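Reading through the structure tokens given below for one structure.
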Amino acid sequence: MNEASPPAVYDFASAEPQWQHAWNEAGCFAVDDIPASDRPKYYVLEMFPYPSGKIHMGHVRNYTLGDVVARYKRACGYQVLHPMGWDAFGLPAENAARERGVHPGEWTRANIAAMRAELKRMGLSIDWRREFATCDPEYYGQQQRLFLAFLAAGLAERRESFVNWDPVDGTVLANEQVIDGRGWRSGALVEKKKLAQWSMRITKFAPELLAALDGLDRWPERVRTMQAKWIGRSEGARLRFPLAAEEAGIAEVEVFTTRPDTLFGMSFVALAAEHPLALAVAARDAGAAAFVAECRGLGTSEVALEQAEKRGYDTGLCVRHPFLPDQSFPVWIANFVLMEYGTGAIYGCPAHDQRDLDFARKYGLEVPVVVVPDGEDPAAFQVGERAFDGAGRIANSGFLDGRTIEDAKQAAIGRLTEMGWGESVVNWRLRDWGVSRQRYWGCPIPVIHCGSCGVVPVPDDQLPLRLPEDVTFDRPGNPLDHHPTWKHVACPACGAAATRETDTFDTFVDSSWYFARFCSPAAATPTVRAAVDGWLPVDQYIGGIEHAILHLLYARFFTRAMRASGYVAQAEPFAGLFTQGMVTHASYKSEDGRWLYPDEVEQSHGAAVERASGRPVVVGRVEAMSKSKRNTVDPGGIIYRYGADTARWFILSDNPPERDIEWTEAGVVGAYRFVQRLYRLAEPSCGVRPEVPATCAPEATALRRTTHRTIAAVTHALEGFTFNVAVARIYELAGAIAESDRTAEADGMAFARREASEMAARLVYPMMPHLAEEIFARLGGAGLLAVQPWPKAEPALLAVQAVTIAVQIMGKLRGTIEAAPGAPAAEVIAAAEAEPNVARQLEGRRIVKRIHVPDKIVNFVVAG
RNA sequence: GCCCGCCUGGCGGAAUGGUAGACGCAGCGGACUUAAAAUCCGCAGCUUUCGGGCGUGCCGGUUCAAGUCCGGCGGCGGGCACCA
């Protein structure tokens with residue numbers, strides 16, 4: 001180092017493409033459709049991207065995390081399936097078509113090409129031969145085949161129903177896609193509309209989708225809870241109240257309740273506005289019709305948000321009561337009753353349900369108390385403005401009096417069943433999944449509507465049913481429907497003139513089985529059993545928490561439906577799930593209120609100013625990167641300036657992967673410095689091929705211990721998904737290598753230093769693969785690091801020679817002593833008592849108890 | 001309203017009930033340099049009469065020992081929400 005040689009600089013710009021090329025040439029990341037039997041398999045998958053045109057930092061994080069797992073598992077001897085594809089259907093392509101006159105397919109393909117190039121520059125260990133886009137007819141044709149199988153199996157059906165209509169996007173939305181009463185994409189208030197549309201019978205699997213959550217022990221608890229709540233199992237009773245007089249042929253009202261114990265506390269029945277009986281009344285009663293129309297126009301969620309006011313309309317109808325034959329109860333239409341849940345009708349028990357109480361107070365209905373808290377007088381207990389829904393005893397309820405709530409539920413259901421008025425039932429919150437979308441850029445639903453044959457599947461030999469290319473976007477609505485010829489066909493069954501279904505699938509259908517298709521992406525059938533049965537389930541799935549319900553639930557359903565149709569053996573698609581945090585950044589606003597990109601801002605004299613004008617900038621909060629706030633950083637630019645490894649290293653440093661991470665320029669520069677430092681640290685060992693030394697100086701042994709402890713620690717951290725800790729341990733090893741420079745001449749040090757450098761490269765490989773290959777090659781390593789096995793720590797070097805034992809008095813640290821590992825208690829305690837500071841403090845005090853935890857701690861408990 | 005998670009230096013964070021603050025960022029000091037950058041080395045929770053005292057949101061408990069376990073409170077974040 002004394003020579004005036006310029007410090008080595010790692011030229012990532014030439015090294016990164018070179019190593020990517022080398023991996024590609026060697027086929028390091030390719031696996032077969034049918035996994036080989038000689039090694040265990042591991043399927044790593046990151047949620048595939050929508051091809052918007054550019055990758056963003058969320059992608060960088062997602063795919064880096066997956067790549068660390070893939071490269072690590074490969075080194076551990078697994079054959080690793082790590083594919084990439086494109087969630088390529090969807091509305092943005094149609095919007096681009098409307099705005100710029102470019103065909104959605106062309107726009108999408110161009111975006112895919114741009115993003116593929118960016119992802120490749122990240123150096124991901126992906127088997128690119130498996131790449132596909134969901135808009136490829138070869139993919140969506142197989143999806144059509146799956147759908148027809150589901151149709152035949154009764155897992156898909158066409159149904160006339162109220163749907164969520166997004167007036168801005170001009171399409172139907174699934175319940176899952178309505179958030180706070182607004183469309184998840186457009187943000188428009190959703191309307192209710194009755195339409196015939198296709199739906200997937202996800203409710204058929206509700207019990208098993210719920211039960212199987214328990215087995216997903218490598219899923220975050222949070223996601224499992226969210227799904228469980230969404231599926232929403234509740235036990236209760238269904239019961240039928242006969243109407244005092246029939247209305248339009250309707251003789252009774254069926255309700256669902258979880259509180260049959262409070263049946264004696266009933267004071268009314270309430271119907272949803274869309275309930276058949278409500279509609280029947282509305283048909284003859286103008287007041288009812290007006291109220292029903294009002295409820296429908298508002299949308300239930302809007303009411304909840306804006307006013308939360310209970311409103312109703314008295315139909316004038318009455319029902320009889322199973323246990324109170326002498327009384328009758330009024331039937332109301334109420335705005336707080338949901339047609340989608342239960343039976344669309346409830347019985348009101350105001351004393352013990354807050355909503356019912358609000359309603360009863362407003363309309364002057366009775367409030368009979370039937371549950372009394374322990375210690376209260378049943379005759380005197382009254383309910384004010386708060387309903388009582390706590391524990392207590394049943395009262396004023398005939399045969400139920402004195403029972404607990406649970407007992408009373410059973411007794412009431414038993415009596416109802418005997419009387420034939422009702423029965424116990426399990427109700428689910430989950431609704432069937434409406435998949436029809438009135439869109440062009442999606443997978444065509446492969447059915448034909450024939451006047452005489454009804455719904456006829458498109459014959460298998462006509463799949464894929466392709467989208468027509470020649471469509472126009474010059475008017476609102478569905479271009480497929482407007483197409484002059486596409487929808488007109490002869491019925492495959494009878495030959496008569498018929499029309500094609502012009503709706504396409506919700507794009508969530510496309511992403512519900514892509515993980516299965518990756519196993520055999522070119523197959524002439526949706527799946528190849530030996531391939532999917534060999535590779536599935538995905539061992540580690542990685543993506544954002546925002547898909548905790550929608551995508552993950554649909555994929556779970558789809559896998560079950562595929563199993564029922566014989567396409568896979570597995571019921572669960574994802575054995576392990578990891579939800580990553582978001583990438584955040586400070587946001588900036590100019591004086592005149594424009595959002596500024598971080599690139600437009602610079603630091604000047606400790607204050608942020610606008611680069612172009614020098615004007616001060618308001619620094620806003622650190623939040624998720626978003627285009628609207630312009631607080632985004634383009635990964636492409638970062639990779640160009642600092643290299644892929646720097647970007648990967650930064651995004652793995654500091655934060656645990658599940659937590660949000662703040663992207664900072666300083667952090668990136670820090671990561672880049674480490675890339676260069678590690679490269680420089682290895683330099684003295686380049687070309688050195690020392691034998692295992694006969695004797696090692698203590699310094700050399702110490703370095704070797706650090707090296708092997710780091711191997712163990714990094715391995716442990718990678719296994720536990722605590723990549724930030726792995727990063728920290730590698731920093732420590734780098735520090736140890738740097739320190740060893742001072743004793744480079746000691747016995748065995750050349751060997752120890754070379755070993756440390758090589759191990760640093762090998763340990764850093766999953767995270768910074770290009771740099772690792774470069775260092776490994778310069779050290780004289782044979783072949784590609786990408787095919788090297790994961791290093792193993794030598795147990796002899798992990799064994800500690802001496803331990804530092806903390807000495808406490810009454811739990812407070814008073815000193816430390818060195819001891820041999822496993823030293824006998826008496827010896828250690830004696831040494832602890834002799835420690836000068838400890839001895840001084842123990843003077844004149846009586847030791848009551850001596851606690852000795854081997855190799856850890858000694859604690860003296862003293863009197864007084 | 002209900003459910004879940006989180007709360008540790010200036011900042012991100014580390015810590016199988018056993019020496020709190022590893023590692024990094026920012027900071028400070030030094031070396032090298034005409035100088036700066038880069039690099040390298042070092043310091044660093046607060047406080048102190050230099051013995052020590054205080055310290056992981058707050059209050060209490062269990063324990064020889066609590067960031068960690070238990071109970072309560074507060075704050076922040078997220079999810080669900082007229083679900084009968």
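Small disclaimer: the values here were computed from a predicted structure and weren't measured. First the proteins, then the strands, lettered A, B, ... as listed; each starts at 1.
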Using a strict threshold of under 4.0 Å (side-chain N to carboxylate O), is an ion pair present between Glu340(A) and Arg431(A)?
no
d(CG, Leu263(A); P, A84(B)) in whole Å
16 Å
Nearest to the side chain of Ala728(A), heavy atoms from C-beta on, is which of G79(B), U19(B), C23(B)?
C23(B)
G17(B) glycosidic conformation (syn if within 90° of 0, otherwise anti) is anti
Would you say Asn859(A) places a side-chain N or O within less than 4.0 Å of OP1 or OP2 belonging to A65(B)?
no
For Phe860(A) and G18(B), give me the distance from atom CZ to atom C1', rounded to whole Å.
15 Å
Under 4.0 Å, counting only non-hydrogen atoms across every strand here, what does Gln808(A) touch: a base, just sugar-phosphate, or nothing?
base
Which of these passes ring pair (Phe, Tyr, Trp, His ring centres under 6.0 Å) with Phe674(A): Tyr679(A), Phe650(A), Trp649(A)?
Trp649(A)
Whole-angstrom distance between G9(B) and U56(B), as gauged at atom C1'
10 Å
If you measure only the distance, is there a donor-acceptor pair under 3.5 Å linking the side chains of Glu818(A) and Thr804(A)?
yes
Ignoring hydrogens and angles, are the base of U19(B) and the side chain of Lys812(A) linked by a donor-acceptor pair under 3.5 Å?
no
Contact class for Arg355(A) vs. all strands (heavy atom < 4.0 Å): base, sugar-phosphate, or nothing?
base
Give the C-alpha distance, both sets of side-chain angles, the deciding distance and a yes or no for salt bridge (charged side-chain N to carboxylate O under 4.0 Å, His left out) between Glu294(A) and Arg311(A).
CA-CA 11 Å; Glu294(A) 191 187 329; Arg311(A) 299 189 46 225; 2.4 Å; yes
Between CD of Gln354(A) and C1' of C83(B) the distance, given in whole Å, is 16 Å
Taking atom C1' in both G74(B) and A26(B), what distance in whole Å separates the two?
31 Å
For C73(B), give the paired nucleotide (Watson-Crick: N1-N3 plus N6-O4 or O6-N4; G-U: N1-O2 and O6-N3; both under 3.5 Å), or none.
G57(B)
Using a heavy-atom cut-off of 4.0 Å across all strands, would you classify Arg814(A) as base, sugar-phosphate, or nothing?
sugar-phosphate
Go through C82(B), A20(B), A84(B) for me and flag the one nearest to the Phe256(A) side chain.
A84(B)
Options U16(B), A14(B), A20(B), nucleotide nearest the side-chain atoms of Pro656(A):
A14(B)
Who is the Watson-Crick or G-U wobble partner of U39(B), with both distances under 3.5 Å?
A31(B)
Over all strands shown, is Val861(A) touching base, sugar-phosphate only, or nothing at heavy-atom distances under 4.0 angstrom?
sugar-phosphate
Rounding to a whole Å, what distance do you find between Phe674(A):CZ and G12(B):P?
23 Å
How would you label the contact of Arg742(A) with the nucleic acid (heavy atoms, under 4.0 Å): base, sugar-phosphate, or nothing?
sugar-phosphate
Between C46(B) and A35(B), how far is it from one C1' atom to the other, in whole Å?
38 Å
Base, sugar-phosphate alone, or nothing: which one does Asn427(A) contact when heavy atoms must sit under 4.0 Å apart?
nothing
Out of C80(B), C82(B), G78(B), which nucleotide sits closest to the side chain of Arg222(A)?
G78(B)
Ile817(A) and Ala832(A): which non-hydrogen atoms are nearest, and at how many Å?
CD1-N, 3.7 Å
Checking all strands, does Asn724(A) fall into the base, sugar-phosphate, or nothing category for heavy-atom contacts under 4.0 angstrom?
sugar-phosphate
Salt bridge (Lys or Arg N to Asp or Glu O under 4.0 Å) filter on Arg753(A), not counting sequence neighbours, yields Asp741(A)
Under-4.0 Å salt bridge between Glu423(A) and Arg240(A)
yes
For Thr804(A), answer base if it contacts any base atom (sugar-phosphate contacts may also be present), sugar-phosphate if it contacts only those atoms, and nothing otherwise; contact means non-hydrogen atoms under 4.0 Å.
base
Span that lies between the P atom of U39(B) and that of G5(B), in whole angstrom
43 Å
Would you mind reading off the distance between Leu763(A) atom CG and C23(B) atom P, rounded to a whole angstrom?
17 Å
Just call it for Gln841(A): base, sugar-phosphate, or nothing, with non-hydrogen atoms closer than 4.0 Å on any strand.
sugar-phosphate
Hey, is Arg729(A) close enough to Glu732(A) for a salt bridge, meaning N to O under 4.0 Å?
yes
Leu552(A) CG to G79(B) P, straight-line distance once rounded to whole Å:
15 Å
Who does C2(B) pair with, Watson-Crick or G-U, both distances under 3.5 Å?
G79(B)
Considering every strand shown, what is the Watson-Crick or G-U wobble mate of G10(B) when both distances are under 3.5 Å?
C25(B)
Which whole number of Å gives the distance between the C1' atom of A38(B) and that of A22(B)?
27 Å
Considering only side-chain heavy atoms of Tyr341(A), which listed nucleotide, C3(B), A84(B), G18(B), is closest?
A84(B)
Side chain of Ile857(A) - closest among G18(B), G52(B), C41(B)
G18(B)
Between A81(B) and Arg429(A), is there an OP1 or OP2 to side-chain N/O distance shorter than 4.0 Å?
yes
Is the shortest side-chain N/O distance from Arg659(A) to OP1 or OP2 of G13(B) below 4.0 Å?
yes
For G67(B) and G57(B), measure between their C1' atoms and round to the nearest Å.
12 Å
Check Glu843(A) with Arg840(A), please: is the shortest side-chain N to carboxylate O separation under 4.0 Å?
no
With rounding to the closest Å, how many angstrom separate the C1' atoms on U8(B) and A14(B)?
10 Å
Can you confirm whether Phe12(A) sits close enough to Val675(A) that some side-chain heavy atom of one is under 4.5 Å from a side-chain heavy atom of the other?
no
Quickly work out the Asn837(A) CG to C50(B) C1' distance and round it to whole Å.
12 Å
For G9(B), decide between syn and anti, treating a glycosidic angle within 90° of 0 as syn.
syn
Check the phosphate of C4(B) against Arg224(A), side-chain N and O only, distance under 4.0 Å to OP1 or OP2. Yes or no?
no
Flag, side chain of Asp389(A) to backbone of Asp353(A), donor-acceptor distance under 3.5 Å
no
Base, sugar-phosphate, or nothing: which does Arg850(A) touch, judged by heavy atoms less than 4.0 Å apart?
nothing
Position toward the 5' end of RNA chain B (nearest nucleotide), Met226(A) or Lys849(A)
Lys849(A)
Contact letters for nucleotides 24-33 of chain B, in which S counts primed atoms plus P, OP1 and OP2 and B counts the base, heavy atoms under 4.0 Å
SSS-------
To the nearest angstrom, the NE2-P distance between His852(A) and G17(B) comes to 20 Å
Pairwise 5' ranking along RNA chain B for Ile851(A) and Thr258(A), keeping only the more 5' one
Ile851(A)
Between G30(B) and U16(B), how far apart are the two P atoms, rounded to whole Å?
39 Å
Answer for the Watson-Crick or wobble partner of A66(B), both distances under 3.5 Å, is none
Classify the side-chain pair Thr203(A)/Asp432(A) by whether it contains a donor and acceptor separated by less than 3.5 Å.
yes
